[in-house]
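Heads up, the thing below is written out as structure tokens.
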Amino acid sequence: MTQSFQKLRALTGMKDILPDSSSQWEQLEETVRQWLASYGYRNMRTPVLEHTQLFARGIGEVTDIVEKEMYSFTDSLNGDKLTMRPEFTAGMVRAAIEHNLLYDRPHRVYAMGPVFRHERPQRGRYRQFHQIDVEALGLPGPDVDAELIVMLGRLWKILGLNDIRLEINSLGQAEERAAHREALVTYLEQHKHVLDEEGQRRMYSNPLRVLDTKNPAMQDMANNAPKLFEFLGEESLAHYRGVCDRLDDAGIAYTLNTRLVRGLDYYNLTVFEWVTDRLGAQGTVCGGGRYDGLIELLGGKSAPAVGFAIGVERLLDLCSQQDQAQSLPECQIYMIHQGDAAQRQASLLAEQLRDHGLRVLVHAGSAGFKSQFKRADNSGAAAAVILGENELSAKTASVKWLRAADLPAEQQQQSIAFDQLATELKARI
Ligand code: HAM
């Protein structure tokens with residue numbers, strides 16, 4: 001009797017990235033690494049799992065992420081409460097404190113990888129998604145905030161993206177937020193009848209977050225609420241102007257959005273988002289800001305910091321709309337062979353071609369020439385190298401250029417001596 005097993009599927013909101021699209025990911029990652037290195041940023045990698053308390057304390061208890069989006073569980077072996085990282089910043093800061101990175105000199109660091117949030121999936125919103133996270137630790141000035149934003153402007157240019165706009169705001173300092181909070185709570189109390197359940201619950205615990213609502217019935221109330229920006233003192237305004245002046249110098253356009261508060265509680269002074277209309281409802285490609293209080297909050301000696309994270313899925317969606325990303329072919333050269341001796345020779349020659357930096361696929365197993373040619377064509381290779389009995393005895397390979405239909409026939413097919421093969425192929429690819 002045969003047993004049939006039920007097919008298993010990936011979890012809702014978690015995507016497989018298959019070979020055809022993963023070449024776009026690799027190209028983007030490579031571009032991003034070079035871009036970051038050109039500004040002196042170095043890679044850092046932290047664990048996917050952390051103590052739940054790190055995120056609860058770092059991101060803030062009264063935030064959507066901590067209240068309802070974290071993948072948290074109790075370790076059955078020792079009872080620890082753990083969480084799959086919903087963002088990088090808290091973990092990066094924890095690691096910087098733990099390894100004393102912060103006290104010798106500033107550190108410009110970045111990380112890339114998956115993060116997890118239990119949100120309702122839709123286009124551009126997943127439960128496992130990827131971020132490119134960039135943090136400048138230990139630097140206080142508006143020059144660094146501006147540098148990060150200018151850097152992003154450069155990345156969009158490198159990727160050929162021009163439909164992304166910048167919104168910025170300042171969240172000031174703790175005392176300014178406290179004064180604003182008082183005014184805001186009074187205002188919310190006056191408008192209690194329009195607040196939804198969540199708004200009423202957060203009215204006292206995190207009133208600023210009430211303004212971050214997506215509820216259409218609360219938009220008028222949120223638009224007319226006292227603005228934190230109006231409570232900023234001279235120092236905070238000077239910091240804000242310092243950022244704006246440098247953005248003007250660099251020719252980066254921005255709009256002040258006084259309702260921009262971000263979804264995490266650790267920010268002060270500069271916050272910003274890059275948004276686009278090309279991605280439907282989930283148009284924020286990148287968000288970040290200054291978080292001068294977080295390092296101390298997580299147990300370190302007080303030090304300033306600023307950073308951002310880019311949503312990779314959203315960025316790739318934008319890139320593919322602009323035709324910037326092309327799928328990388330499986331190989332450049334496809335080796336076709338007939339007979340055991342030819343197969344072995346093909347494997348040897350393939351190694352030599354790889355020594356010259358070529359990407360080579362040797363047909364696996366035996367098959368007729370016709371079906372091997374079909375595979376070669378489908379592989380996206382530029383050329384097929386053919387080895388049969390005649391080629392073996394003459395120590396010469398037949399090369400057929402697969403994407404050269406518009407060239408004269410003699411240039412589409414060539415015979416090349418084994419010892420010349422690598423240099424000749426390399427010259428044409
Ligand atoms: P965030 O705004 O929560 O910031 O996330 C950054 C970016 O991740 C968003 O702008 C968006 O592109 C992407 N993103 C967020 N949620 C999802 C989702 N469910 N599916 C797909 N993409 C998503 C942070 O995480 C901060 N740690 C950024 C930061 C770094 N601030 C300072 N340093």
Side-chain angles (χ1 to χ4, degrees), residues 11-15 17 36 41 44 46 50 54-55 58-60 63-66 68-71 84-94 96 107-137 139 144-145 148-149 151-152 155-156 161 164-169 171 209 212 214 260-276 278-295 297-298 304-319:
L11 298 177
T12 305
M14 305 209 178
K15 279 196 164 184
I17 298 155
L36 287 165
Y41 282 80
M44 173 163 160
T46 58
E50 298 269 6
L54 172 70
F55 302 115
I59 297 171
T63 55
D64 281 352
I65 296 178
V66 172
K68 47 193 179 194
E69 295 171 0
M70 296 206 302
Y71 281 91
M84 312 273 285
R85 65 178 175 218
E87 59 122 33
F88 278 95
T89 313
M92 303 273 272
V93 166
R94 183 218 26 87
H107 284 270
R108 288 177 161 86
V109 289
Y110 75 91
M112 296 195 225
V115 291
F116 304 84
R117 294 183 194 174
H118 198 287
E119 294 191 79
R120 201 166 44 78
Q122 61 178 86
R123 177 180 173 191
R125 190 165 70 194
Y126 310 102
R127 291 181 176 170
Q128 175 177 319
F129 60 99
H130 296 75
Q131 286 188 341
I132 297 160
D133 182 272
V134 177
E135 313 288 356
L137 305 173
L139 297 161
V144 191
D145 307 16
L148 286 172
I149 296 173
M151 237 171 107
L152 285 158
L155 181 63
W156 313 147
L161 305 174
I164 312 187
R165 59 180 190 279
L166 172 64
E167 296 188 350
I168 61 175
N169 190 18
L171 300 184
R209 193 122 334 279
D212 203 18
K214 300 270 173 327
L260 181 66
V261 294
R262 308 269 307 122
L264 309 94
D265 278 352
Y266 46 61
Y267 293 109
N268 67 310
L269 294 172
T270 316
V271 287
F272 61 89
E273 284 184 353
W274 289 86
V275 285
T276 179
R278 288 172 160 265
L279 295 177
Q282 303 304 318
T284 309
V285 180
C286 169
R290 181 159 280 287
Y291 53 94
D292 295 331
L294 183 63
I295 294 168
L297 187 69
L298 295 179
V306 55
F308 62 76
I310 302 171
V312 179
E313 283 79 0
R314 294 183 193 179
L315 185 58
L316 280 173
D317 192 348
L318 263 186
C319 288

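Atoms within a ligand are numbered from 1 in the order they appear, just like the ligands themselves. These numbers come from the heavy atoms of this one structure, side chains and all, not from hydrogens, waters or symmetry mates.
- Remark: ligand 1 and Val285 share an N or O pair separated by less than 3.5 Å (distance only, no angle test).
- Using a 4.5 Å cut-off on side-chain heavy atoms (C-beta onward), Phe308 and Ile132 make no contact.
- At a threshold of 4.5 Å between non-hydrogen side-chain atoms, the residues Leu148 and Val306 count as touching.
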>> Would Met14 and Phe116 count as a side-chain contact (heavy atoms from CB on, under 4.5 Å) here? Give the steps.
In response: CA-CA 9 Å; Met14 305 209 178; Phe116 304 84; 4.3 Å; yes
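- Applying the 4.0 Å criterion to heavy atoms of Glu87 picks out, from ligand 1, the atoms 25 (O), 26 (C), 27 (N).
- Within the listing of ligand 1, atoms 6 (C), 7 (C), 28 (C), 29 (C), 30 (C) sit less than 4.0 angstrom from a heavy atom of Ala309.
- At a 3.5 angstrom cut-off on N or O pairs, Tyr267 counts as close to ligand 1.
- Proximity of Gln131 to ligand 1, defined as any heavy-atom pair under 4.0 Å, is confined to the side chain (atoms from C-beta onward).
- In this structure, Tyr126 is part of the shell of residues with a heavy atom less than 4.0 angstrom from ligand 1.
- The atoms of ligand 1 that sit less than 4.0 Å from any heavy atom of Glu135 are 30 (C), 32 (C), 33 (N).
- Within the 4.0 Å heavy-atom shell around ligand 1 one finds Cys286.
- Distances from atom 21 (C) of ligand 1 to the heavy atoms of Gly13, Gly124, Gly311 put Gly124 nearest.
- Listed by atom number, the atoms of ligand 1 under 4.0 Å from Asp133 heavy atoms are 30 (C).
- Taking distance alone, with nitrogen or oxygen atoms compared against 3.5 Å, Arg125 stays at or beyond that limit from ligand 1.
- Annotation: atom 22 (N) of ligand 1 to nearest protein heavy atom, Phe129 CD1, 3.3 Å.
- Which parts of ligand 1 touch Gly288 is read off a 4.0 Å heavy-atom cut-off, strictly below it: atoms 31 (N).
- In this structure, Ile295 and Ala305 approach most closely via the heavy-atom pair CD1-CB, 4.0 Å.
- Counting only heavy atoms from C-beta outward, the side chains of Gln131 and Ile310 never approach each other to under 4.5 Å.
- Thr89 and Tyr266 are linked by a side-chain donor-acceptor pair at a separation below 3.5 angstrom, with hydrogens and angles left out of the test.
- Among protein heavy atoms, the minimum distance from atom 19 (N) of ligand 1 is reached at Glu119 OE2, 2.7 Å.
- Put simply, the side chain of Arg125 gets close to the backbone of Arg120: a donor and an acceptor are under 3.5 Å apart.
- Atom CD1 of Ile164 and atom OG1 of Thr276 lie 6.0 Å apart (nearest 0.5 Å).
- Using a 30° and 60° split on the angle between ring planes, Tyr291 and Tyr267 fall in the perpendicular class, above 60°.
- The proximity of Leu264 to ligand 1, defined as any non-hydrogen pair under 4.0 Å, is limited to the side chain.
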> Should Tyr41 and Met151 be marked as a side-chain contact (heavy atoms from CB on, under 4.5 Å) after you check the CA-CA gap, both sets of side-chain angles, and the distance that decides it?
Replying inline: CA-CA 11 Å; Tyr41 282 80; Met151 237 171 107; 3.8 Å; yes
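- With hydrogens left out, the protein atom closest to atom 9 (C) of ligand 1 is Thr284 O, 4.0 Å, a heavy atom.
- The shortest heavy-atom distance from Arg262 to ligand 1 is under 4.0 Å.
- Within the model, atoms CD1 of Ile168 and CG of Asp145 stand 9.5 Å from one another, a figure rounded to the nearest 0.5 Å.
- Considering only non-hydrogen atoms, atom 26 (C) of ligand 1 lies nearest to Tyr266 out of Tyr266, Tyr291, Phe308, Phe272.
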